[in-house]
Amino acid sequence: MIDERRLGPVVGLGTWNTFGADAGNAREVVGAALDAGIRVFDSSPMYRGAERSLGGALMAHREDAIVATKIWSQSVEEGREQYARQVEWFGRVEIEQIHNLVAWRDQLVWLERERDQGRIEKLGVTHYSAGAFGDLATALRTRRFDVVQLPYNPHEREVEDELLPLAAELGMAVIVMRPFGEGDLLRRPPSAADLAPLRAFGVETWAQALLKWVLSDERVDVAIPATSRAERTAENARAGEPPWFGPDERALVAELA
Ligand SMILES: NC(=O)c1ccc[n+]([C@@H]2O[C@H](COP(=O)([O-])OP(=O)(O)OC[C@H]3O[C@@H](n4cnc5c(N)ncnc54)[C@H](OP(=O)(O)O)[C@@H]3O)[C@@H](O)[C@H]2O)c1
């Protein structure tokens, strides 16, 4: 069961473009993530075999995990088939999200029934593109969702205008995709000297600085960086521990990014 008070602030694990259909790598990465205390695992039928790999990797540890996956189809029939396969792979889905707002009004009807009958704990909705944030806000205002997933990092701050304040007002949980801008923000890391003021906050690497920047926004619950490398899960997970940045440290990270 998900803690009713708050999901986070914590670091989770994304699964897009990292282990895909490579079940062996998924086992390694997910095993290391669980050892590092990571609990929230995000996936989607869009991620080319990632759901099946994640399901296999979680099998023996299912009680320790919160699975946040998605329905991604224009048709209700196919959406229901996606859900049936997820139940096979995961046993149950804690957070079911409607991917990229696809047919969200149609999919929501049957998903609400699943939630009301206790088979799904929370319903969410996602979009990756600022061009769709107006529609995402419209969906949130229906108050039919418990969770929203959106992109947020020092180079993508559009969600600060409307979506983060709205999610806070509605008491919704916020999951942050793309905390590293799909890896772009990590290509030219600042020097150790630049990061020195952040050491007192437990930050040793640039990846940790970016994750702590996201999680230090009080409206955010979970950041879900993806990695194909087992050893990076512990590094990332450590950024989900206090102390949190204040405005000065957040400003420094934004400047360095
Ligand atoms: N991108 C989207 O539009 C989108 C949309 C919907 C949902 N999501 C969800 O959000 C998740 C995260 O977004 P994302 O995967 O697009 O991008 P991201 O998490 O911002 O960046 C992932 C990249 O960061 C690298 N990385 C991870 N930890 C690192 C570390 N400690 N040091 C150096 N490099 C590190 C990974 O490379 P290595 O594999 O080499 O570690 C990977 O290439 C997705 O996996 C998915 O679950 C994304």
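Order of appearance sets the numbers: ligands from 1, and atoms from 1 within every ligand.
When all heavy atoms are compared, the tightest approach of Leu198 to Ala209 is CD1-CB, 3.9 Å. In plain terms, the two heavy atoms of Leu210 and Pro179 that are nearest each other are CB-O, 4.3 Å.
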Run Ile98 and Lys70 through side chain to side chain contact (heavy atoms under 4.5 Å, CB included) and show every step you take.
CA-CA 5 Å; Ile98 297 178; Lys70 310 194 186 78; over 6 Å; no

For a ring-ring contact (aromatic ring centres under 6.0 Å, His included) check, start with the C-alpha distance between Phe201 and Trp213, then their side-chain angles and the critical distance, and finish with the verdict.
CA-CA 11 Å; Phe201 294 81; Trp213 182 92; over 10 Å; no

Take Glu51 and Gln82, measure what side chain to side chain contact (heavy atoms under 4.5 Å, CB included) needs, and give me the verdict at the end.
CA-CA 10 Å; Glu51 284 185 306; Gln82 291 175 347; 6.0 Å; no

Mind running side chain to side chain contact (heavy atoms under 4.5 Å, CB included) on Val76 and Gln107 for me, showing each step along the way?
CA-CA 6 Å; Val76 164; Gln107 304 293 3; 4.0 Å; yes

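A salt bridge links Arg62 with Glu94: the closest approach of a Lys/Arg side-chain nitrogen to an acidic carboxylate oxygen falls below 4.0 angstrom. Arg119 and Glu96 are not joined by a salt bridge, as no carboxylate oxygen comes within less than 4.0 angstrom of a charged side-chain nitrogen.
Atom 47 (O) of ligand 1 has its closest protein heavy atom at Asp42 OD2, 2.7 Å. Closest to atom 28 (N) of ligand 1, if we only count protein heavy atoms, is Asn236 ND2, 3.1 Å. The closest protein non-hydrogen atom to atom 36 (C) of ligand 1 is Ala226 O, 3.4 Å. Closest to atom 41 (O) of ligand 1, if we only count protein heavy atoms, is Thr227 OG1, 2.6 Å. Of the protein's heavy atoms, Phe180 N, 2.7 Å lies nearest to atom 20 (O) of ligand 1. Here the protein heavy atom with the shortest distance to atom 17 (O) of ligand 1 is Glu182 CA, 3.3 Å. Among protein heavy atoms, the minimum distance from atom 21 (O) of ligand 1 is reached at Gly183 N, 3.3 Å. For atom 3 (O) of ligand 1, the nearest non-hydrogen atom of the protein is Arg178 NH1, 3.0 Å.
For ligand 1 and Pro225, the ligand atoms under 4.0 Å from any heavy atom of the residue are 19 (O). Near Thr15, with a cut-off below 4.0 Å to any heavy atom, the atoms of ligand 1 are 45 (O), 47 (O). For ligand 1 and Arg229, the ligand atoms under 4.0 Å from any heavy atom of the residue are 40 (O). Of all atoms in ligand 1, listed by their number and element, those nearer than 4.0 Å to a heavy atom of Leu186 are 24 (O), 26 (N), 33 (C), 34 (N), 35 (C). Close approach to Gly14 involves these atoms of ligand 1, each under 4.0 Å from a residue heavy atom: 11 (C), 45 (O), 47 (O). Distances below 4.0 Å separate heavy atoms of Ser228 from the following atoms of ligand 1: 38 (P), 39 (O), 40 (O), 41 (O).
Comparing His127, Arg232, Glu235 against atom 40 (O) of ligand 1, the shortest heavy-atom distance belongs to Arg232. Heavy-atom proximity to atom 11 (C) of ligand 1, evaluated over Val29, Ile224, Leu211, is greatest for Ile224.
At a heavy-atom distance under 4.0 Å, only side-chain atoms of Ala207, from C-beta outward, approach ligand 1. When heavy-atom distances to ligand 1 are checked against a 4.0 Å cut-off, Ser43 has no atom that comes that close, whether in backbone or side chain. The part of Tyr128 lying near ligand 1 is the side chain, judged by heavy-atom distances below 4.0 Å.
Residues Glu235 and Thr205 bring a donor and an acceptor atom of their side chains to less than 3.5 Å of each other. Residues Asn153 and Glu156 have side chains that bring a donor and an acceptor to within less than 3.5 angstrom of each other. Side-chain contact check for Asp42 and Gln97: at least one donor-acceptor pair (N or O, by modelled atom type) lies under 3.5 Å.
When Leu215, Val159, Val214, Asp221 are each tested for a side-chain contact (heavy atoms from CB on, under 4.5 Å) with Val176, only one passes: Val214.
At least one heavy atom of Tyr47 lies less than 4.0 angstrom from ligand 1. Using a 4.0 Å heavy-atom cutoff, Gln208 is absent from the residues neighbouring ligand 1. Within the 4.0 Å heavy-atom cutoff, Asn17 does not count among the residues contacting ligand 1.
Remark: the backbone N or O of Arg250 is not paired with any side-chain donor or acceptor of Lys212 at under 3.5 angstrom.
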